[in-house]
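Written below as structure tokens is the structure these notes are about.
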Number of protein chains: 2
Amino acid sequence: MLERRNGIDLPSDCQGSGAVLARIGDKWSVLVLLADGPMRFNELKRKIAGISQRMLTRTLRGLERDGLVTRTVYGTIPPRVDYALTCLGHSLRTPVEALGLWAIAHLPAIEQARQAFDLRGKKELGA
Amino acid sequence: MLERRNGIDLPSDCQGSGAVLARIGDKWSVLVLLADGPMRFNELKRKIAGISQRMLTRTLRGLERDGLVTRTVYGTIPPRVDYALTCLGHSLRTPVEALGLWAIAHLPAIEQARQAFDLRGKKELGA
DNA sequence: CGGTATCCAGGAAGATACTG
DNA sequence: CAGTATCTTCCTGGATACCG
């Protein structure tokens, strides 16, 4: 994604950051990540409350593909499928939770900055 | 603290996580965030290498609106505009860099998981 | 130099219906 | 229960051209 061109490179950690953010930056992945303990499909769907069946399937497939969750199918009727975090998936929770803590701490400041910014925009229009 | 899991709703702090991820989860914000020191528009554009003028403008506006960067216009000719991280913006670097470190450490594992996953998919098609 | 304005393609995500 | 298939809408992001 980030090609090195004409000599100037971004800090090396950008490569990874970009890929990881593409993975967890989507609308639902983090929520799945934070829903811990092995869970069945509809259990997750209920817990996440708002996700569509389609998006939950897609999100879980993506996480499974990246080795962040395991998918265990029991050949029973009715079918039962369990999803659980892998070791790798669990380890990702640490930095993600750090981000969550930052969000809790600073979201009010962000909201405030937004209002101030939008207000300035309005005034310029009026002037 | 993030682990409250009594089945009903997501922890309240997920809202914040979601909002922050929506902010930095886009394709370019993090790169701007990590490019430190006050920088002029084209300086940033060169450093990020691959971003279009339009997206850099949009990204910077978004970050400015959220109070993460400042935009300083000098009324000179030719024009000069400096962008710098605010205190808030700088503080966000810590968790973002933590995520970057995780990425560096585990990206190989992810790549490997992907290949294994895709391979399994192919075999099933063959069978 | 530092932007805006406009157009366009592709993917993300929702709603709905059907299946083993 | 745990999905797939399909259709549609929205948004992101790239390309291009012009402006103060």
Legend entry - 5' precedence on DNA chain D between A/Val81 and B/Met55 (nearest-nucleotide basis):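 The residue closer to the strand's 5' end, by nearest nucleotide, is A/Val81.
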Inset, instruction - For the pair A/Thr86 (side chain) and A/Leu68 (backbone), establish whether a donor and an acceptor sit closer than 3.5 Å, ignoring hydrogens and angles. - result: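 Answer holds: yes.
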Quick check on [N]: is either OP1 or OP2 less than 4.0 Å from any side-chain nitrogen or oxygen of [X]?
{"X": "A/Arg71", "N": "D/dA2", "result": "no"}
{"X": "B/Arg61", "N": "C/dT4", "result": "yes"}
{"X": "A/Arg58", "N": "D/dG3", "result": "no"}

Legend entry - Nearest-0.5 Å distance, CG of residue A/Leu21 to CG of residue B/Asp26: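 Those atoms lie 9.0 Å apart.
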Legend entry - Rounded distance in Å - NZ (B/Lys45) to P (C/dC1):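 To the nearest whole Å, that distance equals 11 Å.
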To the side chain of [X], which of [options] is closest?
{"X": "A/Ser52", "options": "C/dG3, C/dA13, C/dG14", "value": "C/dG14"}
{"X": "B/Gln53", "options": "D/dG3, D/dA17, D/dC1", "value": "D/dA17"}
{"X": "A/Thr57", "options": "D/dG3, D/dT12, D/dC1", "value": "D/dG3"}
{"X": "B/Asp26", "options": "D/dG3, C/dG2, D/dG13", "value": "D/dG13"}

Legend entry - Single-linkage hydrophobic cluster, 4.5 Å side-chain cutoff, A/Phe117 and B/Leu63 together: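 No: no chain of side-chain contacts under 4.5 Å links A/Phe117 to B/Leu63.
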Inset, instruction - Please work out if A/Tyr83 contacts a base, only the sugar-phosphate, or nothing of the nucleic acid, heavy-atom cut-off 4.0 Å. - result: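 Sugar-phosphate, backbone atoms only, no base.
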Inset, instruction - Please work out if A/Lys27 contacts a base, only the sugar-phosphate, or nothing of the nucleic acid, heavy-atom cut-off 4.0 Å. - result: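 Contact class for A/Lys27: sugar-phosphate only.
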Legend entry - Any N/O donor-acceptor pair, B/Arg54 side-chain to D/dG13 base, under 3.5 Å: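 It does, because a donor-acceptor pair links the side chain of B/Arg54 to the base of D/dG13 below 3.5 Å.
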